[in-house]
Amino acid sequence: MPAGSQSTLRVFTTRPDTLFGATYMVLAPEHALVADLTTPAQKAAVDAYREQASRKSDFERTELAEEKTGVFTGSHATNPVNGNKVPIWIADYVLAGYGTGAIMAVPAHDERDHEFAVKYQLPITQVVSPLDGSEIPPDAAYSEHGLAMNSGFLDGLKTTEAKARMIDWLEKEKKGSRKVNYKLRDWLFSRQRYWGEPFPLLHEIGTDGEPTGRIEPIDISELPLKLPVLEDYKPSGRPEPPLGKATNWIEVQRDGTTWRRELNTMPQWAGSCWYYLRYLDPKNDQAFCDPAKENFWMPVDLYVGGAEHAVLHLLYSRFWHKVLFDRGHVKTAEPFKRLVNQGMILGEMEYNAFRDNAGAWVQPNQRDKPGVEPVRLTEEQVEKKGDTFVLKSDPTIKVDARANKMSKSRGNVINPDEVVKEYGADSLRLYEMFMGPLEATKPWSMRGVEGVYRFLSRVWRVFMDDRSEEMRLNTQVSNDAPDPDTLRLLHQTIKRVTDDLDNMRFNTAIAAMMEYTNHLTPLSVKPSAALKPFVLLLAPFAPHLAEELWHSLGHANTLAYEPWPIFEPALLVASTIEIPVQVNGKIRVRLLVSPDISKEDLEKLALADPKVQENLAGRAPKKVIVVPGKLVNIVG
RNA sequence: GCUGGAGUGGCGAAAUGGCAGACGCAGCGGACUUAAAAUCCGCUGGGGCGAAAGUCCCGUGUGGGUUCGAUUCCCAUCUCCAGCACCA
């Protein structure tokens with residue numbers, strides 16, 4: 001502090017145990033006490049630094065700041081635990097908006113402080129030692145927990161205990177207090193645009209025509225507050241939001257004073273944060289929903305959304321819900337039981353090679369050099385060599401092969417309307433489910449769409465006579481009983497599709513139906529008893545096609561209310577199964593056996609096999625592992 | 001830098017301790033056709049030996065470990081993707 005000054009600098013820390021290691025302090029350039037603390041000798045440098053920092057955006061201060069910068073204020077502070085005088089600096093690596101906008105710097109145990117201390121040659125005092133007794137590296141900060149050292153009454157304590165002891169001491173000496181800090185990211189609730197819920201708030205206007213600072217909510221009887229109808233709701237070009245144009249809506253008289261409505265509006269998620277509650281009872285004009293209905297439906301069983309939903313909408317929804325919960329308006333602390341994040345669909349796979357301005361091919365790692373341009377290649381122009389793609393015409397040149405995020409600028413956007421027009425809504429829907437696991441990021445492929453379209457066409461031809469002019473059933477469709485193989489496969493398919501749907505494995509459910517269709521296609525007799533349950537399985541995946549088939553099978557009504565097919569466990573089992581027999585972990589022969597063969601019989605059968613004997617080459621088996629229904633492994 | 005996820009054929013993938021590559025795409029061969037498209041049938045991880053039937057070896061990013069047995073479990077490591085990013 002400058003001579004005679006007795007100001008107090010408040011800091012926030014999560015490591016009070018390192019207070020003995022605080023060798024300097026840093027204030028954010030915007031900190032209120034900077035001007036008071038700056039000595040005349042340092043004034044010019046400090047002012048210049050603050051001026052420079054004020055020009056930088058937050059982005060520049062964080063993303064681009066490769067090296068830390070700062071300026072000494074000329075003043076010193078007293079470390080409350082040991083009375084040491086420590087210099088006070090300002091630096092933009094300390095954020096004004098977090099904590100108190102000031103820190104105690106512990107360069108031995110904080111990477112940022114360490115970097116700064118090294119650059120400006122500030123002292124570094126170690127006050128924590130690793131639990132395993134090792135030395136801390138001299139060129140880096142040790143930010144892990146450990147044992148306190150050089151710390152007076154804390155010496156020898158583990159970090160957790162040292163923290164507690166230090167806080168107790170600070171509170172006793174009235175030099176500090178414990179506090180939990182919460183921060184909700186991006187909690188900015190005002191938008192300067194028209195489309196959004198208006199805030200039901202009024203600003204009092206004084207006799208001078210300026211706001212007095214007093215803010216009051218509108219009367220509850222005036223809710224809901226609706227947007228005023230505006231012909232022109234585009235931004236005005238002036239700083240005030242578009243609602244400023246609603247001149248006869250803005251001013252309100254109340255108790256003889258003039259009030260002005262809030263002109264900002266709420267962001268989209270103001271409404272979307274609680275729609276799941278309003279949807280339960282959308283016509284209720286007394287409450288956002290009837291508690292009985294909320295009790296019945298909430299919490300939401302499953303929430304499926306993309307990445308931006310996970311980080312923003314979901315965060316705010318939960319926050320919102322917890323506020324309602326704390327105030328007793330909802331019965332659950334959490335709104336959603338389960339979250340599933342579906343993966344991003346990328347554009348089609350792209351192959352790019354790079355060429356310099358002389359037209360010569362260069363390696364992809366030269367891509368950022370001036371004059372180097374990407375050249376888009378077709379699949380035919382590239383080949384795989386080792387684990388990279390190379391030019392077919394010059395295999396020494398590597399090719400960059402990847403799928404990119406869909407974006408207008410890249411021109412790789414797939415318009416679903418076009419896909420529906422070309423292949424139908426069922427194909428689009430089915431393809432999206434068939435591409436891979438729901439949660440995975442995966443590239444789009446028009447050929448893949450064509451593949452599922454062909455599958456649906458195949459299904460159609462199993463049921464329908466595609467040579468006929470009018471819609472009629474394939475003549476092979478009959479009322480005969482299905483053969484045992486078909487029946488077994490049907491029940492296996494019902495089981496697989498049912499299980500996969502329960503686990504949201506849509507891709508493998510579709511694969512199972514494809515296998516079943518491949519089985520049905522060559523059959524000269526197609527029993528309707530094997531077809532009807534299949535249509536019901538297909539319905540959630542390709543609803544339009546399934547309805548058509550259902551009607552063609554002679555049903556007048558929709559299949560939507562039909563019960564889901566149930567498999568018969570007894571029908572899943574084949575009369576013979578194949579069991580691989582390994583000798584020392586390598587498959588040597590496969591045995592066809594009855595599925596209910598005993599362990600002992602299977603072992604005997606395996607050992608008696610000539611192929612097994614040949615591989616044992618006269619050695620006696622040391623161990624035989626028999627996994628019923630799976631395999632036999634003979635170790636010898 | 002931190003956090004999370006992922007590395008398996010030419011491509012999307014399947015198999016969660018027990019036959020690696022189901023299913024689909026692409027490719028190759030055949031049938032049908034005057035022809036093509038569509039459709040149907042067959043083959044299709046790599047390599048060796050063999051005229052063939054066949055047979056042997058290698059193979060799930062890399063290195064190690066556990067196990068009779070590892071894509072799957074454990075340890076280490078590399079690469080890619082996504083989100084966040086000086087939060088004291």
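To find a chain, count down the sequence lines: A is the first, B the second, and so on, and within it residues start at 1.
Summarising the local packing, NZ of A/K392 is surrounded by more than 12 heavy atoms from other residues, nucleotides or ligands at distances under 6.0 Å. The number of heavy atoms from other shown groups lying within 6.0 Å of CD (A/Q363) is above 12. At most 12 heavy atoms of other shown residues, nucleotides or ligands fall within 6.0 angstrom of atom CZ in A/R338. With a 6.0 Å radius and a threshold of 12 heavy atoms from other residues, nucleotides or ligands, A/K630 has its NZ atom at or below the threshold. With a 6.0 Å radius and a threshold of 12 heavy atoms from other residues, nucleotides or ligands, A/Y431 has its OH atom above the threshold. Other residues, nucleotides and ligands place more than 12 heavy atoms under 6.0 Å from the CZ atom of A/R488. Heavy-atom neighbours of A/K163 NZ from other residues, nucleotides or ligands within 6.0 Å: above the threshold of 12.
The minimum heavy-atom distance linking A/A512 with A/V497 is given by the pair CB-CG2, 4.3 Å. Considering all non-hydrogen atoms of both residues, A/T18 and A/V128 come closest at CG2-CG2, 4.0 Å. Of all heavy-atom pairs spanning A/N412 and A/N404, the tightest one is ND2-O, 3.5 Å. For the pair A/L538 and A/V459, the tightest heavy-atom approach, listed with the atom from each and the gap, is CD2-CG1, 3.9 Å.
Rounded to an integer number of Å, the gap from CZ of A/F541 to P of B/C23 is 18 Å. A/M433 places its CE atom 17 Å from the P atom of B/G24, with the value rounded to the nearest Å. Atom P of nucleotide B/A15 and atom CG of A/N503 are separated by 11 Å, given to the nearest angstrom. Atom CG of A/D466 is separated from atom C1' of B/C40 by 12 Å (rounded to the nearest Å). At whole-Å resolution of the value, CG in A/L346 and C1' in B/C81 are 9 Å apart. Between the P atom of B/A88 and the CG atom of A/L27 lies a distance of 18 Å, rounded to the nearest Å. Computed from coordinates, the A/K163 NZ to B/A88 P distance equals 10 Å when rounded to whole Å. Rounded to an integer number of Å, the gap from NZ of A/K398 to P of B/U79 is 14 Å.
Regarding contacts with the backbone of B/A26, a side-chain N or O of A/R454 is found under 4.0 angstrom from either OP1 or OP2. An OP1 or OP2 oxygen of B/C23 is reached within less than 4.0 angstrom by no side-chain nitrogen or oxygen of A/R496. Remark: A/R447 is not in phosphate contact with B/G24, judged by side-chain N or O atoms under 4.0 Å from OP1 or OP2. Regarding contacts with the backbone of B/C23, every side-chain N or O of A/N507 stays at 4.0 angstrom or more from both OP1 and OP2.
Between A/R588 and A/E614, none of the side-chain N atoms (NZ, or NE/NH1/NH2) sits under 4.0 Å from a carboxylate O, so this pair counts as no salt bridge. Salt bridge present: A/D17 and A/R15 bring a charged side-chain N and a carboxylate O closer than 4.0 Å. Remark: A/R472 engages A/D465 in a salt bridge, criterion side-chain N to carboxylate O under 4.0 Å.
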Give each protein N/O atom lying under 3.5 Å from an N/O atom of nucleotides 53-56 of chain B, with the pair distance.
none

Nucleotides 59-62 of chain B: which of its N/O atoms have a protein N/O under 3.5 Å away?
none

Distances under 3.5 Å between nitrogen or oxygen atoms of protein and nucleotides 5-12 of chain B:
from: B/C11; atom 1: OP1; to: A/K384; atom 2: NZ; distance (Å): 2.8
from: B/G12; atom 1: O2'; to: A/M435; atom 2: O; distance (Å): 2.7

Polar atoms only, N or O, under 3.5 Å: list the protein pairs with nucleotides 64-68 of chain B and their distances.
from: B/C68; atom 1: OP1; to: A/K623; atom 2: NZ; distance (Å): 3.4
from: B/C68; atom 1: O2'; to: A/N633; atom 2: ND2; distance (Å): 3.4
from: B/C68; atom 1: O2; to: A/N633; atom 2: ND2; distance (Å): 2.6

I'd like a table of atom pairs between the protein and nucleotides 42-49 of chain B - only N or O on both sides, under 3.5 Å - with the distance next to each one.
none

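Distance check on atom P: B/A22 versus B/C43 gives 12 Å, rounded to whole Å. Nucleotides B/U71 and B/G18 are separated by 10 Å at their P atoms, to the nearest Å.
Within the nucleic acid shown, A/S445 has no heavy atom closer than 4.0 Å to any nucleic acid atom. Nucleic acid contact for A/K385: none, since no nucleic acid atom lies under 4.0 Å from a heavy atom of the residue. Heavy atoms of A/G451 sit under 4.0 angstrom from primed sugar atoms or phosphate atoms, though from no base atom.
Listed by first residue number, the stems of RNA chain B with at least three Watson-Crick or G-U pairs below 3.5 Å are B:1-7 with B:78-84, B:10-12 with B:23-25, B:27-31 with B:39-43, B:45-49 with B:54-58, B:61-65 with B:73-77.
Taking only side-chain atoms of A/E578, from C-beta outward, the nucleotide of B/C57, B/C19, B/A15 with the closest atom is B/C19. Distance from the side chain of A/I587 is smallest to B/A20 among B/C40, B/A20, B/A88. For A/R402, taking side-chain heavy atoms from C-beta onward, the closest of the listed nucleotides B/C81, B/C86, B/A88 is B/C81. Candidate nucleotides B/C19, B/C41, B/C23 were compared by shortest atom distance to the side chain of A/M514, and B/C23 ranks first. Each of B/C86, B/A82, B/G24 was ranked by its minimum atom distance to the side chain of A/N518; first place goes to B/G24.
Between A/F434 and A/F506, the distance separating the two ring centers is not shorter than 6.0 angstrom. A centroid separation of 6.0 Å or more is found between the aromatic rings of A/F72 and A/Y120.
A/W169 places none of its side-chain heavy atoms less than 4.5 Å from the side chain of A/E171. At a threshold of 4.5 Å between non-hydrogen side-chain atoms, the residues A/P87 and A/W89 count as touching.
Taking the six-membered ring where tryptophan is involved, the planes of A/Y351 and A/F389 are perpendicular, since the angle between them exceeds 60° and thus also 30°.
A glycosidic torsion no more than 90° from 0 defines the syn conformation; B/G47 lies beyond that range and is anti.
Checked by distance alone, A/K630 brings no side-chain donor or acceptor within 3.5 Å of a matching partner on the base of B/C19.
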